[in-house]
Amino acid sequence: MPELPEIETTKRGVAPRLLNQFISKTLVRQEKLRVPVNHDIDHLCKGKQIIDVTRRAKYLIIHLTEGYLFIHLGMSGHIRFVSPETPAGKHDHIDLVLENNMILRYNDPRRFGLWLYIKDAPSEHPLLSHLGPEPLTDEFNSDYLFKRAQNKTQPIKSFIMDNKIVVGVGNIYAAESLFLAGINPLSPAGSITLEKIISLTNHIKDTLALAIKAGGTTLRDFYAADGKPGYFSNELKIYGRQNNPCYLCETIILSTTIGGRNSAFCPNCQPN
DNA sequence: CTCAGATCCTGTGCGC
DNA sequence: TGCGCACAGGATCTGA
């Protein structure tokens, strides 16, 4: 489900209702996630106040009076507020119960996500410490990207999806940005000209910012915390459009596999 | 070091 | 209608 815009949309949806609240209970129905949930997470969170809600890469970070709660939604997760009487359904793995009785409920069929309580500074944690810059900050710019790309033979698409290079660029937005920049996703990262890297950098930023504005991309099952779908799927120009004509030149869009992920591209608009 | 591929898990949608 | 298969928005590990 989620890429960075979906996480950001989720964060904006849940933050106002979490802020300043006290946690009364953390109910874990399924602890086997990408990383097992702390066995004593209920004890660790109980009675603590939520003092901030932030995002780093695709992690939501709930700041408590002591420690932090990391939430990652993996490929199929979502969190929503439900009232106390709402019965838990299939794959409703965790409830964060607040003292006002509202429940932040986490559902994740594939269980690639995680919930983790950590005590020390998030940026030092092994899950976050190696991460590259946020795409919407000035730290992520064309000079940086060009430098990092030098001598890389890796396909440019895998390169921009590498969290050590830049975080938050998933399969959808990688495909969209490369199309808009006119770059073939298979081209070796080190072979891309500075001009194209400048264009790519700008399109990554623009695409993500637009998608956040639209409330994320709803393909099948993404709904923001308020239950509203995202509207960015209407804007997708290349992702999932293989075998259809390109919107710009009507050439039939091709697809290939890069890093195990399906990758659509227009052979005419993205020649190299 | 770099990179392709396998892996964790369940649901969906397609062709037969 | 039912079955089997391919594939899905992420991230990490292994091994060539």
Side-chain angles (χ1 to χ4, degrees), chain A residues 1-11 29-37 55-60 70-79 89-94 106-116 125-132 135 148-178 185-191 204 207-208 211-212 214-224 229-236 238-243 255-264:
Chain A
M1 174 267 282
E3 293 203 31
L4 186 137
E6 289 75 33
I7 308 297
E8 183 64 27
T9 301
T10 299
K11 191 201 87 175
R29 300 185 189 82
Q30 169 61 273
E31 60 178 19
K32 284 188 201 159
L33 305 178
R34 171 154 66 94
V35 177
V37 182
R55 178 189 60 73
R56 172 70 172 116
K58 292 172 187 162
Y59 292 88
L60 279 177
F70 281 7
I71 299 176
H72 195 289
L73 302 178
M75 228 155 165
S76 59
H78 64 88
I79 50 176
K90 209 175 180 185
H91 308 305
D92 282 341
H93 303 314
I94 301 178
Y106 164 67
N107 179 288
D108 187 0
R110 292 176 75 179
R111 286 193 267 132
F112 288 172
L114 65 81
W115 276 55
L116 216 50
H125 192 275
L127 284 169
L128 304 188
S129 59
H130 67 280
L131 293 177
R148 293 296 301 264
Q150 294 318 293
N151 302 316
K152 297 262 190 202
T153 57
Q154 186 185 22
I156 184 70
K157 177 155 179 274
S158 305
F159 175 72
I160 58 173
M161 288 178 70
D162 182 345
N163 281 336
K164 293 191 283 303
I165 302 301
V166 57
V167 301
V169 182
N171 205 28
I172 296 177
Y173 301 107
E176 294 297 310
S177 306
L178 287 165
L186 285 162
S187 293
S191 74
I204 288 173
T207 306
L208 289 172
I212 290 170
T217 303
T218 295
L219 292 184
R220 285 184 191 79
D221 53 6
F222 173 74
Y223 291 90
Y231 291 99
F232 195 72
S233 46
N234 302 329
E235 307 290 327
L236 297 178
I238 195 80
Y239 176 85
R241 296 202 63 245
Q242 55 270 20
N243 305 322
S255 75
T256 184
T257 300
I258 303 173
R261 316 297 294 277
N262 186 50
S263 307

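All values below were derived from every heavy atom in this structure, side-chain atoms included, with hydrogens, water molecules and symmetry-related copies excluded. Chain A is the first sequence line, chain B the second, and so forth, proteins listed ahead of strands; every chain is numbered from 1.
In this structure, of C:dG10, C:dA8, B:dT10, it is C:dA8 that holds the atom nearest to the side chain of A:N262.
Base-pairing analysis of DNA chain C finds the following stems of at least three consecutive Watson-Crick or G-U pairs, with both pairing distances under 3.5 Å: B:2-8 with C:10-16, B:10-16 with C:2-8.
Going from atom CE of A:M161 over to atom C1' of C:dT12 covers 14 Å, rounded to whole Å. Here the P atom of nucleotide C:dG9 and the CG atom of A:L208 are 16 Å apart, to the nearest Å. Between A:N243 atom CG and B:dC14 atom C1' there is a gap of 14 Å when expressed in whole angstrom units. Between A:L73 atom CG and C:dG10 atom C1' there is a gap of 11 Å when expressed in whole angstrom units. With rounding to whole Å, A:H130 atom NE2 is found 15 Å from B:dC1 atom P. Between A:D162 atom CG and B:dC3 atom C1' the separation is 11 Å, expressed in whole Å. We find that NZ of A:K164 is positioned 10 Å from P of B:dC3, with the value rounded to whole Å. Taking atom CG of A:N107 as the reference point, atom C1' of B:dG11 lies 12 Å away to the nearest angstrom.
Listed for the A:N171 side chain is a donor-acceptor partner under 3.5 Å among the backbone atoms of A:N262. For A:E176 (side chain) and A:Y239 (main-chain N/O), a donor-acceptor pair under 3.5 Å exists by modelled atom type.
Contacts between residues 148-159 of chain A and DNA chain C, defined by a heavy-atom separation under 4.0 Å, are absent.
Looking at residues two or more places apart in sequence or on another chain, you find a salt bridge (Lys or Arg N to Asp or Glu O under 4.0 Å) between A:R55 and A:E8, A:E134. Every residue two or more places apart in sequence or in another chain that forms a side-chain hydrogen bond (donor to acceptor under 3.5 Å, both in side chains) with A:R34 is listed here: A:Y59. For A:K152, the side chain to side chain contact (heavy atoms under 4.5 Å, CB included) criterion is met by A:Q154, A:F159, A:A189, not counting sequence neighbours. With sequence neighbours left out, A:S263 forms a side-chain hydrogen bond (donor to acceptor under 3.5 Å, both in side chains) with A:K157. Partners of A:Y106 by side-chain hydrogen bond (donor to acceptor under 3.5 Å, both in side chains), not counting sequence neighbours, listed by chain and number: A:D108. For A:P155, the side chain to side chain contact (heavy atoms under 4.5 Å, CB included) criterion is met by A:S158, A:I258, not counting sequence neighbours. The side chain to side chain contact (heavy atoms under 4.5 Å, CB included) search around A:D162 returns A:K164, A:I165, not counting sequence neighbours. Shown here are the side chain to side chain contact (heavy atoms under 4.5 Å, CB included) partners of A:K90, two or more places apart in sequence or in another chain: there are none.
Pairs of residues two or more places apart, or lying in two chains, never qualify as salt bridge (charged side-chain N to carboxylate O under 4.0 Å, His left out) while including a residue from residues 70-79 of chain A.
When the side-chain nitrogen and oxygen atoms of A:H78 are compared with OP1 and OP2 of C:dG9, none of them lie within a distance under 4.0 Å. Here A:Y173 does not reach the OP1 or OP2 of C:dG9: none of its side-chain N or O atoms lies under 4.0 Å away. OP1 or OP2 of C:dG10 has not a single side-chain nitrogen or oxygen of A:H72 nearer than 4.0 Å.
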Please write out the pairs of protein N or O atoms and N or O atoms of nucleotides 5-9 of chain B separated by less than 3.5 Å, giving the distance to one decimal.
residue, atom, partner, partner atom, Å
B:dC9, O3', A:R111, NH2, 3.0
B:dC9, O2, A:R110, NE, 2.9

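Contact of the A:H93 side chain with the A:W115 side chain is not registered, since no non-hydrogen atoms from C-beta on lie closer than 4.5 Å.
Distance check on atom P: B:dG5 versus C:dC7 gives 14 Å, rounded to whole Å. Rounded to a whole angstrom, the distance from the P atom of B:dA6 to that of C:dA6 is 13 Å.
Nearest-nucleotide positions on DNA chain C for A:Y59 and A:Q242 put A:Q242 closer to the 5' end.
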